[in-house]
Amino acid sequence: QVQLVESGGGLVQAGGSLRLSCAASGSIFGPNAMGWYRQAPGKQRELVAQIFSGGSTNYADSVKGRFTISRDNAKNTVYLQMNSLRPDDTAAYYCNFLRIIASEQYWGQGTQVTVSS
């Protein structure tokens, strides 16, 4: 089992910045990926950014150049630095842990990000 605890959401004006953090604990071993997904009301959950234990990253096209994902393996923590936020970034953001070999995944409880225009 893996437990994920998120922090850092909130309300910000368009053009502003927020930093999300997600600390993982439990059975963290083997090749894995940690990432952030988001879900806006009435929409499907979508991948925002993902970082693998080897360091490679994936980003949604809509956030490229504005968001940066990073991880501190010593702290088992992943960060999402969000700059130039737009109202359409408003959503609940969920941390995700994927154990690649077993295809297991775990979710955080979600943190709300609201961007006002």
*Does a donor on one side chain and an acceptor on the other come within less than 3.5 Å for R45 and N96?*
no
*Going through the distances and angles, do Q39 and Q44 end up as a side-chain contact (heavy atoms from CB on, under 4.5 Å)?*
CA-CA 6 Å; Q39 187 167 19; Q44 289 190 327; 5.6 Å; no
*Could I get the full list of side-chain contact (heavy atoms from CB on, under 4.5 Å) partners for S27, not counting sequence neighbours?*
F29, R99
*Please name all residues satisfying side-chain contact (heavy atoms from CB on, under 4.5 Å) with S70, sequence neighbours left out, ordered by chain then number.*
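In terms of side-chain contact (heavy atoms from CB on, under 4.5 Å), with neighbours along the sequence ignored, S70 is linked to Y79.
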I want to check something: taking the side chain as every heavy atom from C-beta on, are [X] and [Y] in contact at a cut-off of under 4.5 Å?
| X | Y | answer |
| --- | --- | --- |
| I101 | P31 | yes |
| T111 | Y94 | no |
| R38 | K43 | no |
| R71 | T57 | no |

*List the atom of A91, the atom of A40, and the distance in Å for their closest heavy-atom pair.*
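Nearest pair, atom of A91 first, then A40: CB-N, 3.9 Å.
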*Taking all atoms of both residues into account, what is the closest heavy-atom pair of Q50 and Y37, and its distance?*
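What the structure gives for the nearest pair is NE2-OH, 4.5 Å.
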*CD-OG distance between Q3 and S25, expressed to the nearest 0.5 angstrom*: 4.5 Å
*Check: P87 main-chain N/O paired with D89 side-chain donor or acceptor under 3.5 Å*: no
_Just to verify, what does N76 make a side chain to side chain donor-acceptor pair (under 3.5 Å) with, not counting sequence neighbours?_
none
*Enumerate the residue pairs fulfilling side chain to side chain donor-acceptor pair (under 3.5 Å) with a member in residues 10-23, sequence neighbours excluded, ordered by first and then second residue.*
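Listed once each, the pairs are S17-N83.
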*Considering only Ile, Leu, Val, Met, Phe, Trp and Tyr, and joining two whenever side-chain heavy atoms are under 4.5 Å apart, list the other residues clustered with I28.*
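Hydrophobic cluster check, I28: joined to V2, L4, V12, L18, L20, M34, W36, V48, I51, Y59, V63, F67, I69, V78, L80, M82, L85, Y93, F97, Y106, V113, V115.
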*Starting from V5, walk the hydrophobic network (Ile, Leu, Val, Met, Phe, Trp, Tyr; side-chain heavy atoms closer than 4.5 Å) and list everyone else you reach, by chain and number.*
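V5 shares its hydrophobic cluster with no other residue.
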*asked:* Counting only heavy atoms from other residues, nucleotides and ligands, does the tally under 6.0 Å from CD of Q1 exceed 12?
replied: no
